[in-house]
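Right, one structure below, let's go through it.
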Amino acid sequence: SAPTLSVKEYLYDTYFPFYKQPMEVGCFSLDSERRFFNDARQLKYYVPPENGKSPNFNLPDGYKDRYIKRDDNVKENLDHLLRWILSKHQGSSEDNSPNLGVKRDFVTWRGHLTKILTTPYEYNEGWLMAVTLFNGTYYISEVETEAAKKKREMRPEYLDKMMYMGYKFEQYMCASDPQGKPNPAGIVNTNEAYCTVIQAKLKWHSLLFSGEVDCKDQSYHTGKAPSYYVELKTSKEVYTQKEQRNLYRYKLLKWWAQSFLPGVPRIIVGFRDNDGTVVSLQTFETMKIFHVIKNEKNMWKPTVCVNFCDAFLSFIKKVVTQDDYRMVYLFSWEPHQDVCYSVHKDSEYTFLPDWYVNEVTK
Ligand code: 0WD
Ligand code: CA
């Protein structure tokens, strides 16, 4: 029978594997109509609240009348990232920035890798990852599970509002220009995005992935990307031990994995009260999160996450053998089970677009 991959924690609880310092190789922007631009026009700038003042951000403000939501029925697959790759491919003769000619084993979204990293500690939601080997590179693109689709379509309004509040927090904390001020009277449009493109290496696997970045902290003048990037989060105020445990066990795991991958060093959390007002801020340094949680019982270990990711990428390399843009190896995982896969040719799962395939094979 076909090989499978176990996700059991103890299998991956060994030494921390080699993860080469992630390097930014480019960026791109998506505008208010989700149009692609090969530049940093959507980058935002971090503006902390005035010295000594505690924040007082009204996050539900504008939910009803100043909110333009991205259409999440549109499946974009890897398209924006592929467009970025092509723009480098085409411009490569004038462009002598390093590494772009380098072959990479894997191309994907950062968010997909985050899901893979946290798999050994996930007990609620499974995932589906479509993998195509094309011209020597493995492309990984997530497929929405039936369960996730149902959940999205049935999403109650309070959860939708919660998502809005996360974006609203960004608006309170960021300016559009380096010398600008935040504009909380503006519209929240979730089509807009600034994405960094990162090259990294995990043991034998070279990775090229892209992730959305919230803002740049200009007080780190000497640094370069990704070291000046900041990830913004909101969370409910913590009152009890149990609430603190849940924050550490579930949210910090996801936040750590998401920011560790691209090397985003700081996560700034706005804690909101029951009315959705942010009343305090706390900074977590990504590389110190493990020290924060390690004395608590039954938590999680970065080493398990990263070793599992390495094992999954090796599993892909073992299983995906046919180099063909029309083939998809569909990897699926459900909680308490092993990762397994099925193979599909010319199916609904094919995701590399013709415009990409044609340009690369030209
Ligand atoms: O499944 C995905 N993650 C896909 C994401 C599939 C296809 C495209 N994308 C796009 C997203 O729309 C976004 O523009 O890629 C970009 C982000 O990718 P990522 O950085 O790899 O995703 P992730 O790390 O999961 O999310 C980063 C941020 C989120 O911030 P929080 O603080 O909530 O983690 O990207 C935003 C969100 O702000 N985001 C989205 N925005 C609009 N629509 C979406 C989405 N579906 N998913 C994440
Ligand atoms: Ca964020």
Side-chain angles (χ1 to χ4, degrees), residues 22 24 27-37 42-44 46 59 67-84 106-118 125 127-130 139-145 148-149 151-153 155 159-160 162-174 188-198 200 207-217 226 229-235 250-264 266-270 278 281 283-284 286 351 353:
E24 180 174 82
C27 64
F28 59 86
S29 295
L30 305 173
D31 75 357
S32 59
E33 293 168 48
R34 205 75 182 164
R35 287 177 300 205
F36 175 95
F37 292 91
Q42 289 292 346
L43 175 60
K44 302 282 190 290
Y46 174 62
L59 299 184
Y67 180 21
I68 298 174
K69 209 173 119 183
R70 189 182 82 91
D71 179 358
D72 47 20
N73 291 306
V74 179
K75 296 293 169 234
E76 301 176 321
N77 305 318
L78 301 182
D79 291 5
H80 299 304
L81 178 52
L82 300 180
R83 185 149 296 159
W84 180 87
F106 294 94
V107 168
T108 191
W109 286 108
R110 178 269 309 273
H112 301 358
L113 293 174
T114 306
K115 278 205 177 169
I116 293 162
L117 254 77
T118 57
E125 290 169 2
W127 47 249
L128 287 170
M129 297 284 170
Y139 295 83
I140 308 175
S141 182
E142 188 178 17
V143 175
E144 190 175 47
T145 62
K149 181 164 186 276
K151 213 170 153 180
R152 176 169 61 81
E153 285 167 351
R155 186 186 294 142
L159 280 182
D160 193 61
M162 209 64 100
M163 285 174 60
Y164 171 81
M165 287 160 62
Y167 290 105
K168 188 69 190 177
F169 179 58
E170 294 171 12
Q171 196 185 54
Y172 274 110
M173 297 285 282
C174 302
V188 169
N189 185 327
T190 62
N191 288 296
E192 295 175 6
Y194 167 78
C195 295
T196 177
V197 183
I198 296 282
L207 315 173
L208 183 79
F209 58 83
S210 176
E212 194 173 324
V213 170
D214 292 330
C215 56
K216 169 179 179 172
D217 183 344
Y229 288 146
V230 176
E231 174 63 40
L232 300 172
K233 298 288 181 198
T234 67
S235 199
Y250 299 101
K251 286 200 162 176
L252 273 191
L253 165 61
K254 288 191 173 146
W255 297 351
W256 168 79
Q258 184 187 43
S259 287
F260 165 78
L261 284 162
V264 171
R266 277 168 300 276
I267 303 165
I268 298 180
V269 185
V278 170
L281 299 175
T283 302
F284 288 93
T286 308
F351 64 86

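Counting starts at 1 for both ligands and their atoms, following the listed order. Please read all numbers here as calculations on a predicted model, not as lab measurements. Side-chain atoms are counted along with the backbone in the values below, which use heavy atoms only and exclude waters and symmetry mates.
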Task: L261 side, atom CG; L207 side, atom CG - distance, nearest 0.5 Å - done: 8.5 Å
Task: Closest to atom 15 (O) of ligand 1 (judged by heavy-atom distance), picking from Y167, W109, F28 - done: W109
TODO: Check each of E212, R34, R110 against atom 10 (C) of ligand 1 and report the one with the nearest heavy atom.
DONE: R34
Within a distance under 4.0 Å of any heavy atom of [X], pick out the atoms of ligand 1 and give their elements.
{"X": "E231", "result": "32 (O)"}
{"X": "E142", "result": "1 (O)"}
{"X": "S210", "result": "21 (O)"}
{"X": "Q258", "result": "23 (P), 24 (O), 26 (O), 27 (C), 34 (O)"}
{"X": "K233", "result": "31 (P), 32 (O), 34 (O)"}
{"X": "G211", "result": "20 (O)"}

Open item on the list: Is the shortest side-chain heavy-atom distance between T286 and W256 below 4.5 Å?
Closed with: yes
TODO: Have a look at ligand 1 and work out which part of H112, if any, has a heavy atom under 4.0 Å from it: side chain, backbone, both or neither.
DONE: side chain
Determine if the distance from [atom] to the closest protein heavy atom is below 4.0 Å.
{"atom": "atom 37 (C) of ligand 1", "result": "yes"}
{"atom": "atom 29 (C) of ligand 1", "result": "no"}
{"atom": "atom 40 (C) of ligand 1", "result": "yes"}
{"atom": "atom 47 (N) of ligand 1", "result": "no"}

- [ ] Could you find the nearest protein heavy atom to atom 19 (P) of ligand 1 and give me its residue, atom name and distance?
- [x] G111 N, 3.8 Å
Open item on the list: Any salt bridge linking K115 with E142? Criterion: basic side-chain nitrogen under 4.0 Å from a carboxylate oxygen.
Closed with: yes
- [ ] Return the name of the atom in E231, of element N, O or S, nearest to the Ca ion (ligand 2).
- [x] OE2
TODO: Go through the steps to decide whether M173 and L281 satisfy the test side chain to side chain contact (heavy atoms under 4.5 Å, CB included), and finish with yes or no.
DONE: CA-CA 11 Å; M173 297 285 282; L281 299 175; 4.0 Å; yes
Open item on the list: Check whether R34 reaches the backbone of N191 with its side chain - one donor and one acceptor, N or O, closer than 3.5 Å.
Closed with: yes
Open item on the list: If we ignore hydrogens and angles and just use 3.5 Å, is the side chain of N77 paired with the main-chain N or O of D79 as donor and acceptor?
Closed with: no
Open item on the list: Does E24 form a side chain to side chain contact (heavy atoms under 4.5 Å, CB included) with Y229? I'd like the steps, not just the answer.
Closed with: CA-CA 11 Å; E24 180 174 82; Y229 288 146; 2.6 Å; yes
Open item on the list: Rounding to 10°, state the angle centred on the Ca ion (ligand 2) that links OD2 in D214 with O in L232.
Closed with: 90°
Task: Residue-ligand contact N77/ligand 1, heavy atom below 4.0 Å - done: yes
Open item on the list: Could you check whether K168 makes a cation-pi contact with Y172, meaning its NZ or CZ is under 6.0 Å from the centre of the six-membered ring and within 45° of the ring axis?
Closed with: yes
- [ ] Would you check if there is a donor-acceptor pair between the side chains of T114 and Q258 at a distance under 3.5 Å?
- [x] no
Task: Plane angle bin for H80 and W109 - parallel if under 30°, tilted between 30 and 60°, otherwise perpendicular - done: perpendicular
Task: Check against side chain to side chain contact (heavy atoms under 4.5 Å, CB included), R155 and D72 - done: CA-CA 12 Å; R155 186 186 294 142; D72 47 20; 4.0 Å; yes
Open item on the list: Is there a salt bridge (charged side-chain N to carboxylate O under 4.0 Å, His left out) between E144 and K75? Walk through the geometry before answering.
Closed with: CA-CA 9 Å; E144 190 175 47; K75 296 293 169 234; 3.7 Å; yes
Open item on the list: So, regarding A193 and ligand 1 (criterion: nitrogen or oxygen to nitrogen or oxygen, under 3.5 Å), is there a contact or not?
Closed with: no
- [ ] Say whether R70, considering both its backbone and side-chain N or O atoms, lies within less than 3.5 Å of an N or O atom on ligand 1.
- [x] yes
